[in-house]
Amino acid sequence: MESTQKGNQWYFGMKTHIGVDSHTKLIHSVVVTSASVHDSQVLGYLLHGNEKRVYGDSAYIGQKAQLKAKAEDAADFTHKRGQRNQPNNF
């Protein structure tokens, strides 16, 4: 375990990253890291290669090359970062 800082708050501990099948809701992969490891660093370990869709929060933005290398048929439904003073385009 390691400590990490987010804003002015310090955190000490671990994080669990979970890969879940969107249809069956079954967990297919689990990765445990220290708190200082960024979420985007474990994407390759969460994919098994047969995905058709990949969902993730904005921490996984910019991982298209890794996504295509591991699961080339998967559609990327990663959440996009919000922008100030921009209308929501849903």
Which pairs would a plain distance check flag for residues 39-49, meaning a side-chain donor or acceptor within less than 3.5 Å of a matching protein atom at least two apart in sequence or in another chain?
residue	atom	partner	partner atom	Å
Asp39	OD1	Lys15	NZ	3.1
Ser40	OG	His38	ND1	2.9
His48	ND1	Asn50	N	3.1

(message) Suppose we screen for side-chain hydrogen bond (donor to acceptor under 3.5 Å, both in side chains). Which residues come up paired with Ser22, at least two apart in sequence or across chains?
(response) none
(message) Using the side-chain hydrogen bond (donor to acceptor under 3.5 Å, both in side chains) criterion, which residues pair with Thr24? Sequence neighbours excluded.
(response) Asp21
(message) Filter on salt bridge (charged side-chain N to carboxylate O under 4.0 Å, His left out), then keep only pairs touching residues 45-54, sequence neighbours left out; what's left?
(response)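 Salt bridge (charged side-chain N to carboxylate O under 4.0 Å, His left out) check on residues 45-54 returns no pairs.
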(message) By the ring pair (Phe, Tyr, Trp, His ring centres under 6.0 Å) test, which pairs, at least two apart or in different chains, include something from residues 1-24?
(response)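 Residue pairs with at least one partner in residues 1-24: there are none.
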Could you pull out every donor-acceptor pair under 3.5 Å between side chains of residues 69-76 and any protein atom, sequence neighbours left out?
residue	atom	partner	partner atom	Å
Asp76	OD1	Thr78	N	3.0
Asp76	OD1	Thr78	OG1	2.4
Asp76	OD2	Lys64	NZ	3.1

(request) Measure the spacing between OG of Ser36 and CE of Met14 and express it to the nearest 0.5 Å. (result)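 Separation between the atoms: 10.5 Å.
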(message) What verdict does the side-chain contact (heavy atoms from CB on, under 4.5 Å) test give for Leu26 and Val20, after you've listed the backbone C-alpha separation in whole Å, the side-chain angles of each residue and the deciding distance to 0.1 Å?
(response) CA-CA 6 Å; Leu26 293 176; Val20 179; over 6 Å; no
